[in-house]
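Quick notes on the structure that follows.
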2 protein chains.
Amino acid sequence: MRIGQLARSVGVDTQTIRFYEREGLLPPPDRQDNGYRIYTERHVERLAFIRRCRILELSLAEIHELQRYQGAPHQPCRAINTLLDDHIAQVRSQITDLQVLEKQLVSLRASCNDDREIEACGVLDGLSEGSMQ
Amino acid sequence: MRIGQLARSVGVDTQTIRFYEREGLLPPPDRQDNGYRIYTERHVERLAFIRRCRILELSLAEIHELQRYQGAPHQPCRAINTLLDDHIAQVRSQITDLQVLEKQLVSLRASCNDDREIEACGVLDGLSEGSMQ
DNA sequence: TTAAAACCATATAGCCACTATAAGGTCAAT
DNA sequence: ATTGACCTTATAGTGGCTATATGGTTTTAA
Ligand SMILES: [Zn+2]
Ligand SMILES: [Zn+2]
Ligand SMILES: [Zn+2]
Ligand SMILES: [Zn+2]
């Protein structure tokens, strides 16, 4: 199949497929005489794997690492589990950071109501004075 | 004061200050005969304002907008409050997204324990098969 | 049969908010 | 006279795409 069909069947843009190839995440496929890329079912699976990883916001580097593990099926899988644990820890830390941020923003917002002049806006005041944490 | 002292007094890199100037967030300061930038207390306040906004993860575009409002002190401040409301909404949406992500990741992680071979790794299996949402 | 539409190719730049590097000019102290 | 700390500009890199430009190829329809 050509790149357009692969793109449609996995739900990505053709540019993204070429990008993954350049980054070494998708093996370079054979070419037709006219230079068009020709993909197989294995490419479909490989691309779908990448996409599922990306939905979970694994980085391309992490996906690369997972692909290397796939090439050594008889090694222990601890490294994979650890990779995921680290990723989960990072997501949790992001959530925590954003929750702190949300509190700060809500508190700032509470210092103003509508119908003031900008001169007296509590939000702008809070940002202008150093009364922030 | 010169750029290094400004940088130290606000806690940013000198490069960042020049970057803000290029982006139109900091007004271009006067120059000494040798070309060195000379800053005033107003620049300190202005830069500190930007930094407080950035800590709240307001974008440079949003900060720019706030600066424009500062120039019109007798207009109603509703636009400012709305800007903040929108930003809060976006932070909340990020939190929600990350919480969904965390659940998916934890569920995937639960499908494996350590001491398996990669061949049998539940995490890799979950990523390889289409049993994901 | 030919002309348009859809597809493919490469190369390059843009997004965001910086950060790093290179190559060089200026100034004070040793 | 030289070191070191400071300043200048210009350029490239980060991540994961996405958009644009330019041109070749294939398919479809008038
Ligand atoms: Zn990760
Ligand atoms: Zn207000
Ligand atoms: Zn925002
Ligand atoms: Zn495992």
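In the text below, chain A, chain B and the rest are named by the order of the sequence lines, each starting its count at 1.
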I need the [atom1]-[atom2] distance between [X] and [N], as an integer number of Å.
{"X": "I17(B)", "N": "dC18(C)", "atom1": "CD1", "atom2": "C1'", "result": "13 Å"}
{"X": "I55(B)", "N": "dA17(C)", "atom1": "CD1", "atom2": "P", "result": "15 Å"}
{"X": "D33(B)", "N": "dG25(C)", "atom1": "CG", "atom2": "C1'", "result": "15 Å"}
{"X": "L60(B)", "N": "dG14(C)", "atom1": "CG", "atom2": "P", "result": "17 Å"}
{"X": "I50(B)", "N": "dC18(C)", "atom1": "CD1", "atom2": "C1'", "result": "13 Å"}
{"X": "E23(B)", "N": "dT19(C)", "atom1": "CD", "atom2": "C1'", "result": "14 Å"}
{"X": "I38(B)", "N": "dC7(D)", "atom1": "CD1", "atom2": "P", "result": "9 Å"}
{"X": "F19(A)", "N": "dT20(D)", "atom1": "CZ", "atom2": "C1'", "result": "17 Å"}

I want to check one thing: is the phosphate of [N], taken as OP1 and OP2, less than 4.0 Å away from some side-chain N or O of [X]?
{"X": "R8(B)", "N": "dA5(D)", "result": "no"}
{"X": "N34(B)", "N": "dC27(C)", "result": "yes"}
{"X": "Y36(B)", "N": "dG25(C)", "result": "no"}
{"X": "T16(A)", "N": "dG16(D)", "result": "no"}
{"X": "R37(B)", "N": "dT8(D)", "result": "yes"}
{"X": "R18(B)", "N": "dA17(C)", "result": "no"}
{"X": "Y20(A)", "N": "dG16(D)", "result": "no"}

**Prompt:** Taking for each residue the nucleotide of DNA chain C bearing the nearest heavy atom, is the 5' side occupied by R22(B) or by T14(A)?
**Reply:** T14(A)
**Request:** Verify, without hydrogens or angle tests, whether T16(B) (side chain) and V12(B) (backbone) share a donor-acceptor contact under 3.5 angstrom.
**Result:** no
**Asked** Any donor and acceptor pair, going by atom type alone, linking the side chain of R52(B) with main-chain N or O of L127(A) inside 3.5 Å?
**Response** yes
**Request:** Scan side-chain atoms only and decide if Y20(A) and R51(A) contain a donor-acceptor pair under the 3.5 Å cut-off.
**Result:** yes
**Request:** Evaluate the criterion side-chain contact (heavy atoms from CB on, under 4.5 Å) for residue pair L84(A) and I80(A); output intermediate values, then yes/no.
**Result:** CA-CA 6 Å; L84(A) 208 67; I80(A) 293 173; 5.8 Å; no
**Request:** Look at the side chain of Q15(B) and the base of dA20(C), then say whether one donor and one acceptor between them are separated by less than 3.5 Å.
**Result:** yes
**Request:** Could you check A61(A) against Q32(A) and say which one's nearest nucleotide on DNA chain D is further toward the 5' end?
**Result:** A61(A)
**Asked** dC17(D), dT8(D), dT26(D): which one has an atom nearest the side-chain heavy atoms of R31(B)?
**Response** dT8(D)
**Message:** Evaluate R37(B) against R2(B) for side-chain contact (heavy atoms from CB on, under 4.5 Å), listing each step before the verdict.
**Reply:** CA-CA 6 Å; R37(B) 291 171 176 82; R2(B) 295 189 307 199; over 6 Å; no
